[in-house]
Amino acid sequence: MLWANGPSMTDTSTNLHAAFAKVIDTGLDTLVASGTLPARLPRAAITCEPPRDTSHGDLSTNAAMVLAKPAGTNPRALAALLIAELQKDTRVVSAEIAGPGFINLRLTDAAWLGELALIGSAGADYGRSTMGGGKIVNVEYVSANPTGPMHMGHCRGAVVGDALAQLLEFAGHKVIKEYYVNDAGAQVDVLARSAHVRYREALGIDVGAIPEGLYPGDYLVPVGQALASEFGDKFVDAPEADWLIPFRTRAVAAMLVMIRNDLALLGIHHDLFSSEAELQAAGKPEAAEKWLRAHDLVYDGQLEAPKGKTLDDWESVELPLFRSTKFGDDQDRPIKKSDGSWTYFGADLAYHFQKAETADALVDIWGADHAGTVKRIKAAVAALTGAEGAPPKPFEIKLVQMVQLLRDGEPVKMSKRSGNFVTLAEVVEEVGKDVVRFSMLTRKPDAQMDFDFAKVVEASKDNPVFYVQYAHARICRNIAKGRDEGFAPSAENLALLGAEELELVRLAAQFPRIVESAAVAREPHRIAFFLNDLAAGFHSFYNLGNDRAEKRFIVAHDSALTAARLFLAAQIGQVVKNGLALLGVEAAEEL
RNA sequence: GCACCCGUAGCUCAGCCGGAUAGAGCACCAGAUUCCUAAUCUGGGGGCCAUGGGUUCGAAUCCCGUCGGGUGCACCA
């Protein structure tokens, strides 16, 4: 599996799972070299992973089943040949054919203990991969409009994007975490007008209710006050044209400060905030349009009436259209409005082209409500970055499904315009960053989820994040206790560890391959589930000591065993900590 | 009408680029604390993997249809 997508950059000396993928690969090479197997068999579908049922062995490969047909033989015959090769590895205790043609491997205890020692020497880098080959990946996430504070609707994409960015970095990429600031559309003009009302209010004018269509939230009160102290009464009765731009600039800046603070509550810090207004001022959309027109991908045409709804006032006009129908979209999409300004799409394609200049691959995290625009932007980016026959830049859009917000079981329709929303800050303050982050990462992003504010506050004590954190805290406590009693973790006598301890090592040793597979799939939630499994394994082992005192970490009369056990505990703790770090969750030392 | 996502235990969800007997938590039942903090552990019951076809050695997983839920279908952002 690791070699599925071209040459693996994995340093095969780093961990056992990667090493055995390589062992199988070279075993097959040997069979090919001796003429036993035909060359060029497709190996992409070969896997090497722990079997679900651990009684089947430590590792299992489907190589014989996958290759039998193309090799013109049957799985069991091929398995026998491959087994002969695999048994040459001194770490292999047994290699058996099972079921329809699986090869089950058992490895020596020493091999697993070597892996345990490796965790110790790698420390915070255990699980780090070179798979990404240093390729630069731009991850764009959040990108909420700068018109108000972050609310819970933004939360999931923010957490998933942030965890993914860290995961990709750990998997060997250089990552740029980017936030696209939509500071050029009509919504920021509305923001400026809303700020103007608050500005008048700050000057003592009775403004009454906030007019319909403006943002009513009182987070704009301080913005109005700041404008009042900066400009005095200069713009109170001035025409909009006089104040719109300075008010907009200042209001957007204030919103971004607020948004950064909100994101910081979740531990999220972007590397780059890119301004749509600056992009437009720099003429990027014009350049993109010019190129697209030259390649007949933009033309002046009539826009079709929207499907599925009847607009009474529909009027066909001629606009510059991008040929997205060539790429599976159901109609061509305008890049400019009839007033000559850019559509969101028109600016966005130029923005993506700009990102592609400094990155080897692009990943966008979007809310599912934007799913309808995926085809057009992917098409435009493929066209722009694939210019002159070059292969297009890899560009993925990960859709994060909606979070249905409930309050007392009732759906909350959130809208900044109505001022009715649950802010991210209030939730984080109530239940904590770790609970929020872990909750958002314990399900796959493409399934909808409910988020009941009251329920989450109520249930936060039972949140699975504490289960994982408790495992880490228990480990820290036991190491501290050992230290108090004069014991220190040591890798010197790991051979004293028993079968249950080795079971735990096998589990922890999966971390590197989980990291790689999660990174390839762009699915950070896999890390969360792995940590839950690892914590369960640890807690289970820990409780053996309830009935069997000789299984405790600290066995006072046996300092060599205690040192080995504490070393084991420390390394399990290390893996938990490394995993939690990817999720942006604290590895608490006590709860 | 069209596009995308989802449908797995009573509930919330893993598993899905095909693999062996489909898993976990909650809830329920029965146990384990003079014993490393029980925020833990052990055991039990509970499934037509929505449904009908197809592909193949093998399908919860891939393909097609149907049903059900969600989202979107502006020159908005």
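Throughout, protein chains are lettered first and strands after them, A, B, ... in sequence-line order, and every chain is numbered starting at 1.
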Pair assignment for RNA chain B - dot-bracket with | for other-strand partners, Watson-Crick or G-U under 3.5 Å: (((((((..((((.....[...)))).(((((.......))))).....(((((..]....))))))))))))....
Position toward the 5' end of RNA chain B (nearest nucleotide), A:Gly372 or A:Ile554: A:Ile554
Nearest-nucleotide comparison on RNA chain B, the residue closer to the 5′ end among A:Lys461 and A:Leu399: A:Leu399
Whole-Å gap separating C1' (B:rU42) and CD (A:Glu500): 14 Å
Value rounded to 0.5 Å, distance of OG in A:Ser194 from CZ in A:Arg248: 13.5 Å
Rounded interatomic separation in angstrom, taking NZ from A:Lys444 and P from B:rC16: 9 Å
Note, A:Arg565 side chain near A:Lys551 side chain (heavy atom, < 4.5 Å): yes
Interatomic distance, A:Tyr470 OH vs B:rA38 P [rounded to whole Å]: 4 Å
A:Ser341 side chain near B:rC75 phosphate (N/O to OP1/OP2, under 4.0 Å): no
Near-parallel close stack of A:His370 and B:rA77 base (under 5.5 Å, under 30°): yes
Minimum-distance nucleotide to A:Leu303 side chain [options: B:rC5, B:rC41, B:rA74]: B:rA74
Side-chain N,O (A:Lys69) to OP1/OP2 (B:rG18) below 4.0 Å: no
Donor-acceptor side-chain pairing of A:Tyr180 and A:Asp364 below 3.5 angstrom: no
